[in-house]
Amino acid sequence: MTQIHPSAVVDSKAEIAASAVVGPFCMVGPEVVLGDNVELVSHVAVAGRTRIGAGTRIFPFASIGHRPQDLKYKDEPSVLEIGSNNQIREHVTMNPGTEGGGMVTRVGDNCLFMASAHVAHDCILGNNVIMANNATLAGHVSVGEYAFLGGLSAVHQFVRIGKHAMIGGMSGVEADVIPFGVVIGNRAHLNGLNIVGLKRRGFSRDDIHTLRNAYRLLFAPEGTLQERLSDVEDQYQGNAVVMEIVAFIRSDTSRSLSTPKFAGDGV
């Protein structure tokens, strides 16, 4: 039988797996789905059309699935989808999508959200994302797999953060961040590649060396960005890692691109 503490308030219409645990003083709404081995430790409030995947653990005072902080939201039946094996720590807030953003906020698997992190409406997060304490995403942000957001960082709405990127602590990010890139500062600027993260993820020495060379060419002071991008594409056409960056830059976006503040930054 599902373990539901007597002090918890769980709507009878909620779908809760037999192996799930709902701790003391939690509140679970009627359209919530809790998967196998989900645990709400205590004092967790889950509302809306929220689906939480197997093995995810949510700690006290997290607010999950309540209406978005968007004045345009008119009670449309949007959803919040949270994947499997996530750790969602104290005071984390996650909101569902809106009609203006595809009706869904989606979080991948194996992510860590440290205390007081915020995932706003219509955000899409890949697997293995880490958001440190008080890191915040505005609406419509996309975050690639294995990205790391430092403490007290803030990301502007509609910004894209590429896979394996790193956002420095206390950074204000208002422009897209390339895959494998590091940005720092307020307002944030590109400051090289996430070499430490690449090594931890098992990227080869050759891949890292190639990325460094491509980075130098892409952000050299000569020519325009589009000219340098074409040069990188021609030179590294067969390299899947470099082409991740090329494809990212060529994708449609409403934001500008984070670039080095000074020539040679991070090279």
Worksheet entry | Check: L80 and N95 side chains under 4.5 Å, non-hydrogen atoms | no

Practice prompt. Can you establish whether the number of heavy atoms outside E76 located under 6.0 Å from its atom CD is more than 12?
Written response: yes

Discussion item. Is it the case that the side chain of T2 and the backbone of A20 share a donor-acceptor pair, with hydrogens and angles ignored and the cut-off at 3.5 Å?
Written reply: no

Discussion item. Does the plane of the ring in H121 sit parallel, tilted or perpendicular to the ring in H140? Use 30° and 60° as the thresholds.
Written reply: perpendicular

Item to complete: Walk me through it: do T50 and V33 pass the test side-chain contact (heavy atoms from CB on, under 4.5 Å)?
Response: CA-CA 6 Å; T50 299; V33 178; over 6 Å; no

Practice prompt. Report yes or no: does S171 contribute a side-chain atom to a donor-acceptor pair with the main-chain N or O of I167 at less than 3.5 Å?
Written response: no

Practice prompt. Decide yes or no for R228 and E222: does some side-chain heavy atom of the first lie under 4.5 Å from some side-chain heavy atom of the second?
Written response: no

Worksheet item: Is there a salt bridge (charged side-chain N to carboxylate O under 4.0 Å, His left out) between R160 and D176 once you walk through the steps?
Response: CA-CA 5 Å; R160 299 177 302 144; D176 291 347; 3.0 Å; yes

Discussion item. Using the rule that Ile, Leu, Val, Met, Phe, Trp and Tyr join whenever any side-chain heavy atoms are under 4.5 Å apart, tell me whether I4 and I52 fall into a single cluster.
Written reply: yes

Worksheet item: Does E227 reach the main-chain N or O of T224 with its side chain, forming a donor-acceptor pair under 3.5 Å?
Response: yes

Item to complete: Could you pull out the closest heavy-atom pair between G139 and A120, with the gap in Å?
Response: N-CB, 3.6 Å

Item to complete: Identify the two heavy atoms, one from Y236 and one from V242, that lie closest to each other, and give their separation to 0.1 Å.
Response: CB-CG1, 3.7 Å

Worksheet item: Which atoms form the tightest heavy-atom contact between G162 and A147, and what is the distance?
Response: O-CB, 4.0 Å

Item to complete: Please report the C-alpha distance between F25 and S42 in whole Å, then the side-chain angles of each, then the deciding distance to 0.1 Å, and finally whether the side-chain contact (heavy atoms from CB on, under 4.5 Å) criterion is met.
Response: CA-CA 6 Å; F25 303 104; S42 74; 5.9 Å; no

Practice prompt. Evaluate the salt bridge (charged side-chain N to carboxylate O under 4.0 Å, His left out) criterion for residues E99 and K74: first the C-alpha distance (whole Å), next the side-chain angles of each, then the deciding distance (0.1 Å), finally the verdict.
Written response: CA-CA 9 Å; E99 186 175 14; K74 303 300 180 186; over 6 Å; no

Worksheet item: Between R216 and N213, is any pair of side-chain heavy atoms under 4.5 Å apart?
Response: yes

Discussion item. Do R67 and Y73 form a cation-pi contact, if we require the NZ or CZ to be under 6.0 Å from the six-membered ring centre and within 45 degrees of the ring's axis?
Written reply: no

Worksheet entry | Heavy-atom check, side chain of L217 versus side chain of Q235, under 4.5 Å | yes

Item to complete: Mind running side-chain contact (heavy atoms from CB on, under 4.5 Å) on L137 and C123 for me, showing each step along the way?
Response: CA-CA 8 Å; L137 304 178; C123 288; 4.0 Å; yes

Worksheet item: So does M243 have more than 12 non-hydrogen atoms from other groups sitting under 6.0 Å from CE?
Response: yes

Worksheet item: Given the rule in the side-chain contact (heavy atoms from CB on, under 4.5 Å) test, do I178 and L257 qualify, once you have shown the distances and angles that lead to the verdict?
Response: CA-CA 8 Å; I178 60 170; L257 184 70; 3.8 Å; yes

Worksheet item: Rounded to the nearest 0.5 Å, what separation is found between the CD1 atom of I64 and the OG1 atom of T56?
Response: 10.0 Å

Worksheet, complete the sentence: Sorted by chain and residue number, the side-chain contact (heavy atoms from CB on, under 4.5 Å) partners of Q87 (sequence neighbours excluded) come out as R57, F59, L112

Worksheet, complete the sentence: Heavy-atom nearest pair, M94 first then V107, reads SD-CG2, 4.2 Å

Worksheet item: Could you give the distance from CD1 (I16) to CG (D36), rounded to the nearest 0.5 Å?
Response: 12.5 Å

Worksheet item: T93 versus V119: any side-chain heavy-atom pair under 4.5 Å?
Response: no

Practice prompt. Measure the spacing between CD1 of I58 and CD1 of I82 and express it to the nearest 0.5 Å.
Written response: 5.5 Å

Worksheet entry | T210 side chain vs D206 backbone, donor-acceptor pair below 3.5 Å | yes

Worksheet item: Taking the side chain as C-beta and beyond, is there a heavy-atom pair between F219 and T259 under 4.5 Å?
Response: yes

Worksheet, complete the sentence: Distance col, row E174:CD vs N186:CG, nearest 0.5 angstrom, shows 8.0 Å

Discussion item. Looking at every non-hydrogen atom in both residues, tell me the closest pair between S116 and N134 and how far apart they are.
Written reply: CB-OD1, 3.3 Å

Worksheet item: Parallel, tilted or perpendicular: which fits the ring planes of H164 and Y146, with parallel below 30° and perpendicular above 60°?
Response: parallel

Discussion item. Take a 6.0 Å sphere around CZ of R250 and say whether it holds more than 12 heavy atoms from other residues, nucleotides or ligands.
Written reply: yes

Discussion item. Can you tell me how far apart CD1 (I161) and OG (S153) are? Round to the nearest 0.5 Å.
Written reply: 7.5 Å

Discussion item. Using modelled atom types and a 3.5 Å cut-off, is there a donor and acceptor pairing between side-chain atoms of R49 and backbone atoms of V32?
Written reply: no

Item to complete: Please step through salt bridge (charged side-chain N to carboxylate O under 4.0 Å, His left out) for the pair D11 and K13, ending with a clear verdict.
Response: CA-CA 5 Å; D11 195 283; K13 296 179 182 177; 5.9 Å; no

Practice prompt. Give every residue pair that meets the side-chain hydrogen bond (donor to acceptor under 3.5 Å, both in side chains) criterion with at least one member in residues 103-115, sequence neighbours excluded.
Written response: E81-R106

Item to complete: Answer yes or no: does atom CG of D252 have more than 12 heavy-atom neighbours from other residues, nucleotides or ligands under 6.0 Å?
Response: no

Discussion item. Looking only at the aromatic ring of each residue, does the gap between the centers of Y215 and F180 stay below 6.0 angstrom?
Written reply: no

Practice prompt. Give, for atom CG of L125 and atom CG of N86, the distance between the pair rounded to the nearest 0.5 Å.
Written response: 9.5 Å

Discussion item. Give me the atom names and distance for the closest heavy-atom approach of V92 to R89.
Written reply: CG2-O, 3.1 Å

Item to complete: Return yes when atom CE of M170 has more than 12 non-hydrogen atoms of other residues, nucleotides or ligands closer than 6.0 Å, and no otherwise.
Response: no

